[in-house]
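Beneath this line is the structure, given in structure tokens, with notes to follow.
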Amino acid sequence: MAGGGDLKVLGVWTSPFVIRVRIVLNLKGLAYEYAEEDLGNKSALLLGSNPVNKSVPVLLHGGRPINESRIIIQYIDEVWAGSGPAVLPRDPYERAVARFWAAYVDDKVGSAWTGMLFRCKNEEERAEAVARADEALRTLEGALEECSGGKPFFGGDGIGLVDVVLGGYLGWFAAIDRIIGRRLIDPARTPLLAAWEQRFRAADAVRGVVPDDVDKVLAFLQTLLAIGSMK
Ligand SMILES: N[C@@H](CCC(=O)N[C@@H](CS)C(=O)NCC(=O)O)C(=O)O
């Protein structure tokens, strides 16, 4: 495996932003050290490496920190352009389209995610956030059809930027399904996304990274709520 022992990820195992970075490192076949952070008691290394946002993930490459998950992914794709598949399309137009949808996911799905789990004061507010997630996922159903051109992933034949950005949320979606008593990615409502989820979860680079133990994720939610994280 490439990586040369000089890559380290500071993360939290449930974080959609960390998960996407770890999947990209796996796709590229890069070895890395992983350090689990406690968001209630952040390490000096995290605070020193990301003093502006104090958030995970941080990628340390030869000791130098890179912050913000989508920037980290692009960095990995550029530095290791020759290893593994390209995560961002090489064609500038297609790259712009992929970046647009990745930003859409974080803007709409990401804000609905925090709304459904962390920022809702009551069930009415949770329901409003669920409705926003539903709307974003319906839009992404159309984006998948358009971007994939009938191939398995947003990235075409292989997993790409939009796949990892959306796929990072899947562990939490399963936990939210349990809370709301129905599926967010519902095969009846968004059949393409439901089939995509199966393929994505089954990929070698993804297995073991996207959490699949809903009870464990829900228990972790309680610790995040207790420390007031993601507010
Ligand atoms: N825009 C950032 C978001 C990162 C983020 O929000 N990470 C959360 C964990 S999921 C975090 O570290 N929050 C800091 C805190 O809760 O104190 C990225 O894409 O890397």
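Whatever order the structure lists ligands and atoms in, that order sets their numbers, starting from 1. Bear in mind the structure is a predicted one, so any value in this text is a computation, not a measurement.
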Side chains of Glu68 and Asn50: any donor to acceptor distance under 3.5 Å?
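No.
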Using salt bridge (charged side-chain N to carboxylate O under 4.0 Å, His left out) as the criterion, list what pairs up with Arg90, not counting sequence neighbours.
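Residues passing salt bridge (charged side-chain N to carboxylate O under 4.0 Å, His left out) with Arg90: Asp77.
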Partners of Glu123 by salt bridge (charged side-chain N to carboxylate O under 4.0 Å, His left out), sequence neighbours excluded?
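Scan of Glu123 (salt bridge (charged side-chain N to carboxylate O under 4.0 Å, His left out), adjacent residues dropped) gives Arg126.
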Considering residues, nucleotides and ligands other than Lys42, do more than 12 of their heavy atoms fall under 6.0 Å from its NZ?
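Enclosed.
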Pairs meeting criterion side chain to side chain donor-acceptor pair (under 3.5 Å) with involvement of residues 147-167, two or more places apart
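Side chain to side chain donor-acceptor pair (under 3.5 Å) check on residues 147-167 returns Asp163-Trp196.
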Could you please provide the protein residues found below 4.0 Å of ligand 1 on a heavy-atom basis, arranged by chain and number?
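Residues within 4.0 Å of ligand 1: Ser15, Phe17, Leu39, Lys42, Lys54, Ser55, Val56, Pro57, Glu68, Ser69, Ser229, Met230.
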Check step by step if ring-ring contact (aromatic ring centres under 6.0 Å, His included) holds for Trp113 and Phe118.
CA-CA 8 Å; Trp113 167 66; Phe118 305 101; 5.4 Å; yes
